[in-house]
Amino acid sequence: MRLLSYIHIIRPKNISIVAVSQILIYLIYLLPLRGLTPLELDGYLWILFVLDTMLIAAGGYIINDIADIRADEINKPEKLFIGKGKLSLPRAWVYYIVLVVFGFAIAFYIAWKIEKMLLLSIYPVAVLLLYLYSFYFKRMPLLGNLVVSIFCAFVPAIIWYAEYDMVESIQSINNDYYTMVVNVFIAYIVFAFVSTLVREIIKDIEDVEGDLASDFSTLPIVLGKERARVVALFFSIFLLFSYGLWFRLNSEANLYVFSCIVLVGLILPTMSIIRQIYRAKQQADYSSISKRLKYLMIASLFIFLCIPYISKLM
């Protein structure tokens, strides 16, 4: 039972999605360029880079569970991984520290190996933000939601940052591909940030009972459920308009095909979610919205990964 708690507390499914996302982005967007320009993170360094991202996420889940024991006993008792015969609080802290130290060692090695020590600064900043989020920011209206949204946008953004020199060097070799890569990365990063922000607000509305018992000051507690719902509605409408960024491809020949994919995969589901947010009244409504937003995120990743292939269609 205790061994399973060590596994379940780091949310293996979620961190696997993070890892698979980064691996696919690398294989589809960056690896094809290896013959044109050298990659900063190649071979085993890329594997270590993905592992480090997973460790940041895993540590974030552990520290969040440590901070949320009281609230989770009310909101999600079936998903409580600390206490009650499972992982003890002291063991959870040791587990967290071990993962953080191990992750920092990997980050230091990568930064030293590619001679970019500035890259190392991202790791302690990320760990500190997740710690502050778990104990302070998530108890404040909107601030905690913004931090989580930044971290979701961080998954693709950190790849761009790590390979920034390589991406910039492509501009003089293949300007069309460079423009496409920059545009779709911006579009996906914006989507990841805004969609996560909407989902986090919805989850706060769903979890308001436990958060109240834990003396949190989340958006629905400070403004009330109805006003928080209006805020979520505002950002979901902004998300809908942000899809304009997805159409900045160079080839007009495939614009119709891509427009149909974005319409079916993103625009129509988002419009349906907006309608559901507008009509939401019960806790079950918000639970359903949260799940649908998660499916929308998966669909967006699929479309993002298909863009290089779509851009080659004639």
Side-chain angles (χ1 to χ4, degrees), residues 9-19 21-22 52-69 71-72 75-76 79 81 96 99-100 103 122-159 161 188-208 210-211 214 216-223 228-229 231-236 238-239 242 270 273 277 286-287 289-298 300-301:
I9 197 173
I10 62 173
R11 312 303 197 277
K13 290 182 180 178
N14 291 355
I15 64 173
S16 295
I17 291 173
V18 170
S21 300
Q22 290 194 323
D52 217 31
T53 306
M54 294 173 68
L55 289 172
I56 291 174
Y61 284 123
I62 296 172
I63 197 65
N64 190 61
D65 279 359
I66 290 173
D68 276 2
I69 293 176
D72 287 345
N75 291 330
K76 296 173 283 188
K79 294 183 179 180
F81 301 113
Y96 168 72
L99 291 186
V100 168
I122 294 176
Y123 187 88
V125 169
V127 170
L128 178 61
L129 275 177
L130 285 173
Y131 179 91
L132 293 175
Y133 163 78
S134 298
F135 283 98
Y136 303 104
F137 294 158
K138 71 179 301 180
R139 291 161 166 75
M140 303 177 186
L142 203 57
L143 183 57
N145 307 133
L146 289 171
V147 171
V148 175
S149 302
I150 289 171
F151 271 94
C152 285
F154 168 86
V155 173
I158 188 61
I159 300 174
Y161 178 78
Y188 186 62
I189 289 169
V190 170
F191 171 86
F193 177 83
V194 181
S195 61
T196 303
L197 182 58
V198 175
R199 187 165 184 260
E200 288 299 310
I201 295 172
I202 292 297
K203 286 169 64 179
D204 279 350
I205 298 174
E206 183 184 1
D207 294 342
V208 69
D211 291 345
S214 301
F216 286 10
S217 297
T218 59
L219 199 67
I221 291 175
V222 173
L223 297 182
R229 181 176 63 86
V231 175
L233 190 62
F234 168 80
F235 284 114
S236 63
F238 179 82
L239 177 65
S242 75
T270 302
I273 289 171
I277 294 175
Y286 294 108
S287 179
I289 294 167
S290 177
K291 290 178 182 177
R292 293 187 65 188
L293 282 165
K294 191 172 184 177
Y295 297 145
L296 182 68
M297 293 174 184
I298 295 172
S300 72
L301 175 62

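Just so we're clear, the structure is a prediction, and the values are computed from it rather than from any experiment.
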Distance col, row Tyr188:OH vs Ser195:OG, nearest 0.5 angstrom, shows 8.0 Å
* Asked: Is the CZ atom of Phe135 crowded by more than 12 outside heavy atoms at less than 6.0 Å?
  -> yes
Side-chain contact test, heavy atoms from C-beta onward, threshold under 4.5 Å: evaluate it for Leu239 versus Ile273 and give yes or no. no
In short, Phe151 meets Ala126 closest at the heavy-atom pair CZ-O, 3.3 Å
Contacts of Ser16 meeting side chain to side chain contact (heavy atoms under 4.5 Å, CB included) (sequence neighbours excluded), chain-then-number -> none
Taken to the nearest 0.5 Å, the spacing of Ile158 CD1 from Thr53 OG1 works out to 7.0 Å
When the side chains of residues 127-134 are checked against the rest of the protein, which donor-acceptor pairs come out under 3.5 Å, sequence neighbours left out?
| from | atom 1 | to | atom 2 | distance (Å) |
| --- | --- | --- | --- | --- |
| Ser134 | OG | Asn64 | N | 3.4 |
| Ser134 | OG | Leu130 | O | 2.9 |

For Val194 and Phe235 the tightest heavy-atom approach is CG1-O, 3.5 Å
Requested in this report: Could you give me the CA-CA distance, side-chain angles and deciding distance for Ile63 and Val100, then say whether side chain to side chain contact (heavy atoms under 4.5 Å, CB included) is met?
Outcome: CA-CA 11 Å; Ile63 197 65; Val100 168; over 6 Å; no
Taking every heavy atom of Ile15 against every heavy atom of Ala57, the minimum-distance pair comes out as CG2-CB, 3.8 Å
Separation between CD1 (Ile189) and CD1 (Ile159), nearest 0.5 Å, reads 9.5 Å
Between the CG atom in Leu301 and the CZ atom in Phe191, the distance rounded to the nearest 0.5 Å is 9.5 Å
Close side-chain approach of Thr218 and Lys138, heavy atoms under 4.5 Å:
no
To the nearest 0.5 Å, atom OG1 of Thr196 lies from atom CZ of Phe154 at 14.0 Å
Rounded to the nearest 0.5 Å, the CG atom of Leu55 sits from the OH atom of Tyr123 at a distance of 6.0 Å
In terms of heavy-atom contacts, Leu143 and Met140 come closest through CD2-SD, 3.6 Å
For Cys152 and Pro156, the nearest pair of non-hydrogen atoms, with its separation, is O-CD, 3.5 Å
Residue set satisfying side chain to side chain contact (heavy atoms under 4.5 Å, CB included) with Ser290, at least two apart, ordered chain then number -> Arg199, Ile202, Lys203, Glu206
Worksheet item: Does the Glu200 side chain pair with the main chain of Leu146, one donor and one acceptor, at a distance under 3.5 Å?
Response: no
- Side-chain contact, heavy-atom cut-off 4.5 Å: Ile201 with Leu142? yes
